[in-house]
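Residue numbers start from 1 in every chain, and the chains themselves are labelled A, B, ... in the order their sequence lines are given, proteins ahead of strands.
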Amino acid sequence: MALLEIENLTVQFPTRRETFVAVKDAHLTVEPGQIHGLVGESGAGKSTIGAAVMGLLDPPGKITGGVIRFRGEEISGLDAEAMASLRGRKISMIFQDPLTSLNPLFTVGQQLVETIRAHLHLSETEALARAINLIDRVGIPDARARVNQYPHQFSGGMRQRVVIALALCSEPDVIIADEPTTALDVSIQAQILDLIKGLARERRVGVILITHDMGVIADTTDVVTVMYRGEVVESGPTARVLGAPSHPYTKSLIAAVPRPTVKLHRFPLIDYGGRVTGFAIADLARNWPKSTGERGAPLIEIEGISKRFVSKQAILPSRRGYFTAVDSASFTIRQGEVFGLVGESGSGKSTIARMIAGLYPVDGGTVRYGGRDVTATTRGVPDWYRREIQMIFQDPYSSLNPRMRVDEIVAEPARHHGLLKGQALRNRVAELLDRVGLGAEAGVKFPHEFSGGQRQRISIARALATQPRFLICDEPTSALDVSIQAQILNILKDLQDHLGLTMLFISHDLPVVRQMCDRVGVMKDGKLVEVAETETLFEAPQHPYTQHLLSLMPRLDGLSDEGLAVA
Amino acid sequence: MVSYIFRRILQSVLVLLVVGLVAFAMFRFVGDPVDTMLGQERTVQDIERLRESLGLNDPFFVQYWNFLGRALQGDLGISYRQGRPVAEIIAERLPATLELAAVSGTFALLMGIGLGVFTAIRRHGFSANAIMALSLIGVSLPTFLIGILLIYLFAVELRWLPSFGRGETVMVGGWSTGFLTQSGLIALILPSITLGLYQMTLIMRLVRSEMLEVMRQDYIRFARARGLSQRAIHFRHALKNTLVPVITVTGLQLGSIIAFAIITETVFQWPGVGLLFINAIQFVDIPVMAAYLMLISVMFVGINLIVDLLYVAIDPRLRS
Amino acid sequence: MTDTPAPKTVARSRLAMTWDSDVAHAFRHSPVAMISFAVTAILILSAVFAPLIAPHDPFNPATLNLMNGFTPPGEANMFTGESFVLGTDDQGRDVFSTILYGLRISLFVGFAAVGFAMVLGITLGLIAGYVGGLVETIIMRVADVQLTFPAILVAMLIFGIAKGITPPEYRNDVAIWVLIIAIGLSDWVQFARVVRGATMVEKSKEYVQAARLIGRSPAAIMLRHILPNVLSPVLVIATISLALAIIAEATLSFLGVGAPPTEPSLGTLIRIGQSFLFSGEWWILFFPACTLLVLALSVNLLGDWLRDALNPRLR
Amino acid sequence: ETFRWASTTDPQTMDPHAVSSTPVLGFLNNVYEGLVRRGRDMTIEASLATAWEPLPEGAGWRFTLREGVTFHDGAAFTAEDVRFSYERASSEASDVRSWFAPVSDVVVVDDFTVDILTTAPQPIFPDSIANWMIMDSGWAAANDATGVARDVENFATLNANGTAAFRLVSRQPDLETVLEPFDGWWGEVEHNITQAIFTPIQNDATAVAALLSGEIDMINPVPVQDAARIEAGDGVSVLRGIETRVIMLGFAHDHETLQNGAPNPFSDVRVRRAVAQAVNVDAILQTIMRGSAEPASQLVPPSSRGFSTGLDTRPPLDPDAARALLAEAGYPDGFDFTLSCTNDRYINDEAVCQAVVGMLAQVGMTATLEAGPVSNYWPELRAGNFDMYLLGWSPGTFDAEHPLRFLVHTAGDALGTWNFGGYSNPRIDALIPLIQSEIDDSARQAMLDETAATIQEDMVYVPLYVEPLLWGVRDGVSLTQRPDNFFILRWVTVD
Ligand SMILES: Nc1ncnc2c1ncn2[C@@H]1O[C@H](COP(=O)(O)OP(=O)(O)OP(=O)(O)O)[C@@H](O)[C@H]1O
Ligand SMILES: Nc1ncnc2c1ncn2[C@@H]1O[C@H](COP(=O)(O)OP(=O)(O)OP(=O)(O)O)[C@@H](O)[C@H]1O
Ligand SMILES: [Mg+2]
Ligand SMILES: [Mg+2]
Ligand code: NI
C-alpha cells in the first residue's frame, strides 16, 4: 500500500479579485522508503500541495477537489482534531521559509523539547538530550550551547537546519521537505540529504522533496514529479525524467541549469511558456544614474571588520559570553564588479553584508565607500551612502511589510527618492514586476499571498527600484527555480554591464557563483580564508576548505540541452 | 541590567521631584483647606492664622520645599481632615486597596486572557461574538451604575452579598486582611467584579486582536505541523507573542486600579486609598494628597520598570 | 464573494478607487459593519442636527417649566398636561431633546479627547520606541509623571490656569477644550506605552531595516511602516476609551470644570439620572444610558471590524 | 441590642474642641456632655449643670454642677474640669472658640459651682454653649491631650473620655466607630442598646441599599428623591423633619461690575426684588424637593428663637412684576450674569440652581451657572468672584441673631465674615450688639423684628426654603429626630 496518495488534487485560493487555482488535478504517490522529488516553476503550487496534505492551507485556500490518502485512509476531509493527531507524528513538514517558521520568543531547545515530548514519551532531560543530538546531526556546531539560543541568533542556514530537526524529531512516517537545503552550503546540504536518505532507507520513511536544485533531484530522489502552473506535467523515475524529459517544460528547465564548469556570457533562457526571453535593458536602465567611478577602481574597501554577539547573557559584563561572527575580514570590491561571498552556513556572510549596509554596527574595522568612511556605528551609516546602496535580504518574507501591498512596496523607493510619480511610477512598478516574472497584476496583492520564490522576486524588484549603485545580494535566488533564476541573474548581469553596477553576491550555489562573479571570497568560521578571481578559485583553490567545498559540488555530468545523465 | 535598573531608579527620583512640584502647583486650584477646616463661626484672623501655620501663604515651591525637607526626615505631615499622621493613614488604607486590586486584577487577567483567546479562536462563532458584544456593556456604562445595580441585585433583592465595606478583617502583622475571614472574602466579590470589568474587557479585546494577528503567522502554522496540542499552540506560542501590549496595558491598569479606584471604593464604601484620595480632594487635604501622589508615582514608576523588564524577559530580540 | 475584476482603465476616479478598495469591499460584505456604521452615523447626524430634530431646546433655560419635571415617557404631566416622548428630567427638560443636544457635547468631547490622546500617545510612543536613548527616557519619564495625576487633578490644574488667562466671557467656550485636554492628557500614556512596546518589537524586524535601506526618514518609517503594524492594539484601546471619555466628561463637569449643568451632556444626563434610579423615574437614566451603550457598542463593533479589515491576513 | 447606623460623613476627630461641624458635634454628643444640653424639642435643659442663673448686672452666668458624675474612666467630674475645658475650648487652636468670644473668665467658686464671666450681658449664653463638651482635666493631662488636636495629632483624636451615656470602645477613622453604654452614667437610661456601631457610607445610594438590605438600622440622610421608595419599602420608613438650614440667594452688593465687566445691577434693590419675585419656590419644593422642604421668608427658620412671626411671607411669585422692576431699574432687556453654586454641599443644590436659572431667564435675567464642589466655592466667594450665589445657613445658636452677625453685619474681621456681597447698613450694625446683650425678651424681639424687616425690604438675601431632614429607619427602631440633625443614641430603642 502506498504511504501517501494524492489524487486529482485541486486547491483554490478564492480572493475577491479572482479565484486562483494553485493546484489543478495533481497526482502524486509516495511509497514507503521512497524519496519523491517535486520540481517546477516558482509559484507552480509545490508548497501548496505540501500544505494541503498537512491540512494547513493558508486561508482562504481550500481543497476543492481530489483526495489525499495516508496508508489508504482518506485524510483530506478529516476534522481539525483528527488532523492534528496526524501532524508531526505521522506526517511532518519542513516549511519553505525557515526564518519565519520558528517562534521568535522560544529558544530552539524549548521548541525541540516540546515537540519531542508531544510525540514521544520522554522526560524533559531525555528530550533535551535528544534535541541536542538532533541539532548536532543537522550539522550545527556546539549544539549544547546552541539549544539555549533564540532563532534570531542563528544564521539563515542554521535556522533551516533547526526546522529540519524539528520536523524529524517526532519520527514521522512521511516527511514533506519544502526546499530544505536552499540556504545551505554544499557540504551541509550533503549531510542533510544523507540524513534524509538514511531515514528513507532505514525507517522506510516516505519523503516528498520539493526543490529547484536539479543536482539534488538527481542525487537524491527516486521518482520525480514536475509541475508547471498548478499542473503536473511529467512524472516518473528520476533517471528517466532527467535523462529523457518528454514535456517541453521539463526540457527547458533542464536546459536552464547553470553549468558548473564553463563560464558563459549569459544564463540560458527558457523559451517554454513564452514569457520573458530577454529584453532591452535600456528600459530598466532609464534614468538610472550611471556609476561615475572608473570601472575597476576600488569602490568598497573593507578593512578588518569584526562583529561579535553576546552569546551568554549575564548581569556583569565580565561574565558575558561572546561569539565572534566575523573576525577581522578585509577585502575590496571594485567598481563594476560582482564580488562573490561563499562559505559555510553560519560563517558570517550575512553579518558582513549587514555591516556593510549599516544594519549592524561594527565591533572593529572600517568600511570605506569611494574613499569615504561609511563604517556603521550604532546610529547607522550616512544618509548619502544609504542612497547609493541596496540590499536583497536572505529572508525575503520578513523583509516585506505585511501590511503593504506589493505595488506600494516596490513603488516606495522610487517615490521616496522622487524619481517618478503618478502614472509613470505605476508603469515602472508594473514593468519591474513583469521583469521578475510576477506580472503586473501581482501588485494589488499582499506579500503573504505569494509563494516563496515569488516573495524573493518582490524583494528583488524593490531593490532594483531604488536604482542603487551598489547592490548587496544575500542569497537572492535561493528559492527560485532554475529558469526564473536565470532570468533574474541575466538582469543583474545586464545591469552590471550597462551601468557598471557593483554587487556583493552571497550564495552557496557554486555554479551560480561561478557564472555571476568576477572575484570570490570564501568564508569559514567568521574568517575570510581566501579571495581570488573566480576562475582561479574554481580551477585552483588554495585553501583546504575551498577545496573541500568545490569537491562536494554536485556533478551533473553530461549536461545537454535535452537532458542530463544522472551520476 | 543592574546598571539599567540603577539608572531607572535615579530617573525615578527625578520623576518624584517633578511630581511633587506639579502637585504643589496644582493644589492651589483644588481649593482652600482653611474653609473646610474651620467652622462657620471663624473670624478673619482665624483664617489668617491657620493659613500662616499651615504655610499656605508661601509660594507653592516654598511649600513644596518644606514638604520635601520634612519628607526626607520621614515625616509626611498631618492630615488636615483627620488630624493624624499621613503615613499612618495611608498605611491603614493601603491593604484594603491592594487586596481589592489583587483580586480584581487577577479576575480581569484570567477572564480577560481566557475569553480573549477563546474569542480569537472562534472568531466567527456565535458565543464568541456574543461575549464580545456583552463585554462592551461593562465599559459603556459608568462604573457607578454597574456597582449600584450589582448592589441592588445581590445585596438588596437577593441578600446574598453585603452592600458595603470589607466585612471582617484580621490584622496580620500590621496588615489588615480580608482574605482570612468568610465575610471578608464575600465582601470582595462585588467590588472586584465592578472594578475588574473594564480591565477584563480591555484585556480580552487586546488579547483577541493580537491573537488574530499572531494565529496567522508562519510559526503558528509550523507549530501545528509539528503536531503540538491546541493548548500549547494557543496558550504557549500564540499567547506569548501577544503579550507585549497586554502586559503594558495590564501594568497601567493595575496601577490605576490601585491608584484611582475612586468610584468603586465610594460605591462600596471600601476603605481604601481611592476613597481616601477623593476625600482628600474634597477636603483639600494637601498633606494627604501630596504624600499620596508621591506614593502613586513610586508605584507607577515601579510598575513601568517591571513592565519594561518583562518586555525583555518575554522578547529575546529586545536584549541587546 | 468575488466581484468581476474591474476593467483596467487608465485613470479611475478617486471615488471609484475608494469604493473598490479592499476595506470598502470588506465593508460592503459585512452586515455588522454596515449596521454599526449606520447607527454611529445616525447618532452623529442627529447630534449635529439636534436643533432641527429636537422638539425642544433644553439648553435654553427660559423655555423650561420646572413643573414639567419628572413627566414619565408618553404620559401627560399632572400639572401642565404636556407630554413628552421619552419623558422629562428633574428640570422639566424633554429627555429626548436633551439626549440629542447632550450627544453633541459628548461626541465632540469624546472623539476629540480620544483623538488628542491617540495622536499624542502614538506620536510619542513611536518616537520613544523607535529612537530610543535619551529621547525615550525623557518621554517615558514624562509619562510616568503624567500617570501619577488622575484626570480630576489635571482638569483642575488646566481649568485653573485657563481661568487665569482667559477673560470671563470666553470661559464657557474654553471650558470644553479644558475637558478635552484634560481627558486627553490623562489618556495618552496608555497609547504611548502600548505603541512604544510594540514599536520596540517591530523595529528589529527586517522590513523596517529594508525601509531604512531605501533611505526613508525615521518619520516615514514610523508612520508608513511601523504604525500600521502596531495599530491594532491602539484601536482596541481607542474604541474602548470613547465611552470612558464620555463618562469622564460628566465626572469632570461635576467638579465644576467643563460644561455648565444647564447644558447637560449625555454623560451628565446619566449622572443626573443615577440619582433617580430607585425613585421610580427610571427614564431619566435609562434612555441616555441606552444611547451611550448603543454608541459604544456600534463604535466598538466598527472598530473590531476595521481592525480585522485592515489586516490583510484576516480577510 | 446592637444598633448600626450610617451617615455620609465620618466625624473627623474625637476631640470635641477641634472641629465645629455637625457630624463631629452630633456624634460626640453621645460621648461627651456639656453643662447644658438640648432636649428632644431643642429646648435647653440641665446636663452636667443642674441649674444656672445670670450673675448680677450681666456680669456672666453661674452654673451649679451635678454631683456624683464620673467620666468613662472613672474620674470624678468637678468644676476644675469645667475650667479646664473652657481653657481648652477657647485656646487658639480650638475651632469652637467663637462661643467664648464674650467670655472674660471662668471662675471656680467651689467644686460644684462655676461662674462664667462675660464682657457684656449675654442673654442667650447657655444656648450658645449647648455643644461645649466637658473633658476631664486629669485624663487630658495624663494623656498629653491638653491642647486641641488639630494641626497635630494627640490622644484625643482617636480616643474619648466623656461623661455621656455612651463610651467609645473602638475607633477606626472612616471605617467604623463602636460605642457601648456607660454603666456609670448619671442619667436615666431610656435606650435598650448594648452596642452601637457607626459606619460612614458616603454614597447615598449605597446607604439606602444597606438600609433596605437590613445591614444598617438607620441612615442619615435619605436622598429626598428616594424617600418615597423607602417609605413604600418593606420594613423601613422615613423620618421627616425640617432642619434649621435656610437656603438663600446672595448678591454682589458692593461690586462695581459683574464678572463679565458689565455694570453691576445687583446693587439695585429693585433688581434683587425682581429676583425674589421671579423665583418660583413652590415649584422647586414641589418637584426638586418633593414636598419635603418648607419655604423660607427670613434668614432663620420659624422654629428658631427670635423668628419674626409678623414677617413670615415671601414676596409673591410674580414674573410680570419682576420684569417691571427690571425695566424700572433700567434693564428692560435683562442682562447676563453668573450664578455661582455648589453641587455637593446642600440637598440637590445644583438642581435648585438650575431651576433658578430657568426662572430668572424667563424674566430676562440670563444666568450662566457655575456649579462646583464646595472645596473651591468659599475661596471663590471670599475673593469676590461671583455675581449671585447660593448659600445655606444654619444658625448654630438656633437664634435669629446668629445670621445677622455673620451674614448681614458689615464685613469685618470677626463680624460679617460670611457677608461676601458686602452689604452694609449702619443701623443694623448698631442693633446687633444691642440684640446680643439685651436681656429683656420683648425688647430683643423688637430689635430682631426691625432688622428682619430691613433685611426683607433691602432684599439683602432672597431666602428660598428651609432644608428638610430625612432619616431612613428600620421598622422596630424608634428614635428622635432633632432639627439640628444630631443623632442622639440615648433616645433609641430597638425591638
Ligand atoms: N495565501 C494565498 N493567497 C492567495 N494566493 C496564494 C496564497 N498562497 C499561495 N498563493 C498562490 O498559489 C500559487 C502557488 O504557490 P506555492 O507556494 O505552492 O508555490 P511554489 O510552487 O511553492 O513556488 P516557490 O517555488 O516559489 O515556492 C502561487 O502562485 C501563489 O501566488
Ligand atoms: N543577532 C545575533 N545574535 C547572536 N548571534 C548571531 C546573531 N546574528 C547572527 N549570529 C551568529 O553569527 C554567525 C554568523 O551568522 P550569519 O547570519 O552571518 O551567517 P551566514 O554566513 O549568513 O550563514 P547562512 O549561510 O546560514 O545564512 C552565526 O553563528 C549566528 O549564529
Ligand atoms: Mg514554495
Ligand atoms: Mg546568511
Ligand atoms: Ni465580493
Non-hydrogen atoms of Gly83(B) and Thr157(D) that approach each other most closely: O-CG2, 4.0 Å

Roughly how far, to the nearest 0.5 Å, is the CD1 atom of Ile263(B) from the CG atom of Asn203(D)? 10.5 Å

Atom pair CG/CD of Asp35(B) and Glu380(D) - distance to nearest 0.5 Å: 11.0 Å

Pick one of side chain, backbone, both or neither for Ile148(B), based on which atoms fall under 4.5 Å of a heavy atom in chain D. side chain

Taking side chain as everything from C-beta outward and backbone as N, CA, C, O, which of these in Leu211(D) sits under 4.5 Å from a heavy atom of chain B? Side chain, backbone, both or neither. neither

Quick one: does any side-chain atom of Arg159(B) pair with a main-chain N or O of Ser213(D) as donor and acceptor, under 3.5 Å? yes

Any side-chain heavy-atom pair of Leu212(D) and Tyr152(B) under 4.5 Å: yes

Count the heavy-atom pairs under 4.5 Å between each of Val267(B), Thr36(B), Ile151(B) and chain D, then report the option with the highest count. Val267(B)

Rounded to the nearest 0.5 Å, the OG1 atom of Thr8(D) sits from the CD atom of Gln269(B) at a distance of 10.0 Å

Shortest non-hydrogen contact from Gln40(B) to Ser394(D)? NE2-O, 2.7 Å

So, the part of Pro11(D) with a heavy atom under 4.5 Å from chain B: the answer is neither

Turns out that what part of Ile89(B) lies under 4.5 Å from chain D's heavy atoms comes down to neither

Anything in residues 169-187 of chain B with a heavy-atom distance to chain D below 4.5 Å? Please list those residues in order. none

Part of Thr199(D) lying under 4.5 Å from any heavy atom of chain B: side chain

Is it the side chain or the backbone of Ile201(D) that comes within 4.5 Å of chain B heavy atoms, both, or neither? both

Decide yes or no on side-chain contact (heavy atoms from CB on, under 4.5 Å) for Asn279(B) and Asp174(D), but give the supporting numbers first. CA-CA 10 Å; Asn279(B) 283 334; Asp174(D) 283 345; 4.2 Å; yes

Donor-acceptor contact below 3.5 Å, side chain Ser163(B) vs main chain Thr206(D): no

Under 4.5 Å from any heavy atom of chain D, what part of Phe164(B) do you find: side chain, backbone, both or neither? both

Which of Leu175(D), Asn376(D), Leu415(D) touches chain B most, by non-hydrogen pairs under 4.5 Å: Asn376(D)

Got Pro162(B) and Glu215(D) here, is their nearest side-chain heavy-atom distance under 4.5 Å? yes

Can Asp10(D) and Gln82(B) be counted as having a side-chain donor-acceptor contact under 3.5 angstrom? no

Give the intermediate values and the outcome of side-chain contact (heavy atoms from CB on, under 4.5 Å) for residues Trp418(D) and Arg42(B). CA-CA 9 Å; Trp418(D) 292 79; Arg42(B) 81 282 185 283; 3.4 Å; yes

Do you know which of Pro373(D), Pro173(D), Ala205(D), Ala414(D) has the most heavy-atom pairs with chain B at a distance under 4.5 angstrom? Pro173(D)

Heavy-atom distances under 4.5 Å only: say whether Arg93(B) touches chain D with side chain, backbone, both or neither. side chain

Take Ser20(D) and Glu41(B), measure what side-chain contact (heavy atoms from CB on, under 4.5 Å) needs, and give me the verdict at the end. CA-CA 9 Å; Ser20(D) 89; Glu41(B) 305 190 345; 5.7 Å; no

Which portion of Phe29(B) sits near chain D, non-hydrogen atoms under 4.5 angstrom: backbone

Does the side chain of Arg382(D) come within less than 4.5 Å of Ile47(B)'s, by heavy atoms? yes

More than 12 heavy atoms from other groups under 6.0 Å of CZ on Arg84(B): yes

Which residues share a salt bridge (Lys or Arg N to Asp or Glu O under 4.0 Å) with Glu52(B), sequence neighbours left out: none

If one checks every heavy atom of Val208(D) against chain B at 4.5 Å, the contacting part turns out to be both

More than 12 heavy atoms from other groups under 6.0 Å of CD on Glu168(B): no

Let's test your reading of the structure: which of Asp204(D), Asp344(D), Val96(D), Leu158(D) forms the most heavy-atom pairs below 4.5 Å with chain B? Leu158(D)

Note: Val284(B) and Ser375(D) closest approach over all heavy atoms is CG2-CB, 3.6 Å

Name the option with the most non-hydrogen atom pairs under 4.5 Å to chain B; the candidates are Arg405(D), Gln172(D), Glu176(D), His402(D). His402(D)

